[in-house]
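Worksheet: one structure, shown below.
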Amino acid sequence: MAVCFTRMKVVVISGSPRANSVTQIPMKYVHEYILSQNVEVEFINLAEYDIECYRGYGIQYNEDTTKAAKLITDADVWIVGTPIYNSFFSGALKNLFEYINYKATAGKVAGMAILAAGNIGFTDVQTLLTQLLSYFQVIANPKAVYMTTQDVVDGVVAEPTKERLRQMVDDTLTLTRKVRGS
């Protein structure tokens, strides 16, 4: 069942910098699904954005970098997708969050989708990502979607995985509504 909320800003993040990333396929699906919800949504695909390496506060960064930081900061809801690289979420995703002012993010809500080559490390990466979100005082939906590369065949997300992604989005939007009291 689709949940519809207006006046809510959502940002979908595909956390892999690889041009041929499998992660971006389910995250593009999530973006399209949220578009059908009549909610304001933006998509940050790290494979397509030129995010600079963080060099410190007060430094001038390129347009993609400042745009991504603003989209994340302005959003009420973050839907974060990350691959598992070396038992961790992507370094590119960690770098992106260096630009976010933790003083401007309290009370936001995030959903997570985690992709790996096999059935390993999901809870470890979810814990690490939840800890990062906690630093920003972002409330994490505890029901992350775990996917393997077998859930995406020939550039298409398998139907059971699509359902789990839709449910995670719906649950995250519902949690946001409860947190906001609307």
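As the structure is a prediction and not an experimental result, all values here were calculated from the model.
With hydrogens and angles left out, the side-chain atoms of Thr172 and Asn141 include a donor and acceptor closer than 3.5 Å. Counting only N and O atoms by type, the side chains of Asn101 and Tyr57 include no donor and acceptor under 3.5 Å apart. Judged by distance alone, the side chains of Tyr85 and Ser16 do bring a donor and an acceptor atom under 3.5 Å apart. Counted by atom type alone, Thr65 and Asn62 present one or more donor-acceptor pairs between their side chains at under 3.5 Å.
For Lys162, the NZ atom counts as densely surrounded, since its 6.0 Å shell holds more than 12 non-hydrogen atoms of other residues, nucleotides or ligands. Annotation: Glu159, atom CD; neighbour count of heavy atoms from other residues, nucleotides and ligands within 6.0 Å is above 12.
Residues Ile120 and Phe122 do not share a hydrophobic cluster, defined by chaining ILVMFWY side chains whose heavy atoms lie under 4.5 Å apart. Hydrophobic clustering (ILVMFWY, side-chain heavy atoms < 4.5 Å, transitive): Leu35 and Met8 are in one cluster.
Of all heavy-atom pairs spanning Ala75 and Lys108, the tightest one is O-NZ, 2.6 Å. Heavy-atom minimum distance, Arg164 versus Val145: O-CG2, 3.4 Å. The nearest pair of heavy atoms linking Leu165 to Tyr29 is CD1-CD2, 4.2 Å. The nearest pair of heavy atoms linking Phe136 to Thr105 is O-OG1, 2.6 Å. Shown here for Ala117 and Thr148, the closest heavy-atom pair between the two residues is O-CB, 4.2 Å. Leu71 and Tyr49 make their closest contact through CD1-OH, 3.8 Å (heavy atoms, listed as atom of the first residue, atom of the second, distance).
Residues forming a salt bridge (charged side-chain N to carboxylate O under 4.0 Å, His left out) with Lys28 (at least two apart in sequence, or on another chain): Glu48.
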Apply side chain to side chain donor-acceptor pair (under 3.5 Å) to Tyr146 and Gln126, showing your working. CA-CA 9 Å; Tyr146 301 155; Gln126 180 181 358; 2.3 Å; yes
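Taking the six-membered ring where tryptophan is involved, the planes of Phe97 and Trp78 are tilted, since the angle between them lies from 30° to 60°. Taking the six-membered ring where the residue is Trp, Tyr54 and Tyr61 present parallel rings, their angle staying beneath 30° rather than reaching 60°.
When each of Ile13, Val125, Leu46 is checked for a side chain to side chain contact (heavy atoms under 4.5 Å, CB included) with Thr82, only Val125 meets the rule.
At least one donor-acceptor pair closer than 3.5 Å links the side chain of Ser90 to the backbone N or O of Leu93.
Considering only heavy atoms from C-beta on, Val157 stays 4.5 Å or farther from Asp151 through its side chain.
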